[in-house]
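Have a look at the structure below before the remarks.
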2 protein chains.
Amino acid sequence: MGKQATEMLKGTLEGIVLAILAGRPAYGYEITAWLRDQGFSDIAEGTIYALLVRVEQRGLVDVAKVPSEKGPPRKVYSLNAQGREYLEEFWTTWSFLAERLEQLRKGGK
Amino acid sequence: MGKQATEMLKGTLEGIVLAILAGRPAYGYEITAWLRDQGFSDIAEGTIYALLVRVEQRGLVDVAKVPSEKGPPRKVYSLNAQGREYLEEFWTTWSFLAERLEQLRKGGK
DNA sequence: TACCGGTACCTAGCAACACCGAATACTCGA
DNA sequence: TCGAGTATTCGGTGTTGCTAGGTACCGGTA
């Protein structure tokens with residue numbers, strides 16, 4: 001991916017992570033790995049951890065410390081009610097944006 | 001719109017403006033008005049002007065100063081070859097992102 | 001004339017976010 | 001013992017959009 005992606009991810013990455021957590025609880029390392037797997041090849045690890053701290057401080061997720069067999073304990077995040085609400089808003093905003101862009105794309109060709 | 005939108009616009013707004021310019025040349029004030037019309041209710045004027053300066057400095061657009069009947073002269077921007085190329089990349093990046101998000105949205109429900 | 005609103009552009013300072021690079025710490029196999 | 005994989009944290013940087021002003025030109029109105 002490129003430099004465009006970096007800027008485009010701003011604000012979107014948060015929604016992506018929350019959407020993942022909406023499906024199932026997960027921890028940072030796992031999320032990073034999954035994202036890389038999905039083609040987000042150069043998402044920095046530090047970015048995900050910082051993001052998780054942020055959403056935790058905003059009270060969108062609950063955290064549980066779970067011991068790991070192969071390394072330091074994991075911090076498993078799960079989306080709570082407030083987070084679900086926030087995610088709904090995210091989808092609304094995203095839809096709005098996606099619609100305008102799709103329109104522009106058609107019109108511009 | 002909300003604070004989510006502000007962050008989500010980062011990186012995307014540039015593509016939006018370039019996509020507009022791909023359709024027809026335009027000047028800042030006009031673009032701002034059009035965006036407001038399209039529902040981007042709280043995009044600040046200064047934001048657009050700053051963005052236009054940036055894309056000009058990167059050589060993605062050409063500029064022509066055109067006198068106006070009702071105010072200071074307009075700076076009319078038009079997308080050049082390099083800008084068109086850049087816009088193509090933007091659409092590629094956007095498509096990638098939009099696909100992942102659409103998938104997440106389905107899966108998460 | 002004086003003033004206001006619409007047109008049109010510009011700028012300095014701020015906050016948020018993703019990235020980079022490095023550090024810490026735990027476990028296991030060579 | 002040492003490296004590799006697992007797992008998290010942190011300080012500093014660059015880019016971006018927003019805030020909140022300012023400049024300037026024009027027409028109409030009081």
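None of the values given here were measured: they were computed from a predicted structure. Order of the sequence lines fixes the chain letters, A, B, ..., with proteins taken first and strands second; residue numbering starts at 1 for each chain.
Of the side-chain N and O atoms in B/Tyr29, none sit less than 4.0 angstrom from OP1 or OP2 of C/dC9. The phosphate of D/dT9 (OP1 or OP2) has no side-chain N or O of A/Tyr49 nearer than 4.0 angstrom. Using a 4.0 Å cut-off, some side-chain N or O of A/Tyr27 falls inside it from OP1 or OP2 of D/dA7.
Distance B/Gln57 CD to D/dG14 P: 17 Å, rounded to the nearest Å. A/Glu30 has its CD atom 19 Å from the P atom of D/dG5, to the nearest Å. Separating the CD1 atom of B/Ile16 from the P atom of D/dT16 is a distance of 14 Å, rounded to the nearest angstrom. One atom, CZ of B/Arg36, and another, C1' of C/dA8, lie 13 Å apart when rounded to the nearest Å. Taking atom CZ of residue A/Phe40 and atom P of nucleotide C/dC19, one finds them 11 Å apart after rounding to whole Å. Distance A/Lys65 NZ to C/dC26 P: 12 Å, rounded to the nearest Å.
A residue-by-residue look at B/Ala50 and A/Ala50 shows that B/Ala50 has its nearest nucleotide of DNA chain C further toward the 5' end.
To the nearest 0.5 angstrom, B/Ile16 atom CD1 is 11.5 Å from B/Leu87 atom CG. Taking CH2 of B/Trp34 as the start and CD1 of B/Ile43 as the end, the distance is 10.0 Å to the nearest 0.5 Å. The structure places CD1 of B/Ile31 at 9.5 Å from CG of B/Leu13, a figure rounded to the nearest 0.5 Å. Note that CD1 of B/Ile48 is 12.0 Å distant from CD of B/Glu30, once rounded to the nearest 0.5 Å.
By the 30° and 60° cut-offs, the orientation of the rings of A/Trp94 relative to B/Trp94 is parallel.
Evaluation of the side chain to side chain donor-acceptor pair (under 3.5 Å) test over residues 76-85 of chain B, restricted to residues two or more places apart or in two chains, returns B/Asp62-B/Asn80. The side chain to side chain donor-acceptor pair (under 3.5 Å) analysis of residues 48-59 of chain A, with sequence neighbours excluded, yields the pairs A/Glu14-A/Arg58.
Checked against salt bridge (charged side-chain N to carboxylate O under 4.0 Å, His left out), A/Glu102 has the following partners two or more places apart in sequence or in another chain: A/Arg105. Residues that satisfy the side-chain hydrogen bond (donor to acceptor under 3.5 Å, both in side chains) test with A/Arg74, not counting sequence neighbours, are A/Tyr27.
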Contacts under 3.5 Å, N or O only, protein and nucleotides 14-18 of chain C:
{"from": "C/dA16", "atom 1": "N3", "to": "B/Lys10", "atom 2": "NZ", "distance (Å)": "3.0"}
{"from": "C/dC17", "atom 1": "OP1", "to": "A/Arg58", "atom 2": "NH2", "distance (Å)": "3.1"}
{"from": "C/dC17", "atom 1": "OP2", "to": "A/Arg54", "atom 2": "NE", "distance (Å)": "3.3"}
{"from": "C/dC17", "atom 1": "O2", "to": "A/Lys10", "atom 2": "NZ", "distance (Å)": "3.2"}
{"from": "C/dA18", "atom 1": "OP1", "to": "A/Leu9", "atom 2": "O", "distance (Å)": "3.3"}
{"from": "C/dA18", "atom 1": "OP1", "to": "A/Gly11", "atom 2": "N", "distance (Å)": "3.4"}
{"from": "C/dA18", "atom 1": "OP2", "to": "A/Arg54", "atom 2": "NH2", "distance (Å)": "2.6"}

Protein N or O to nucleotides 22-29 of chain D N or O, pairs below 3.5 Å:
none

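Listed nucleotides C/dT7, D/dA7, D/dT9 differ in distance to A/Arg74; the shortest reach to its side chain belongs to D/dA7.
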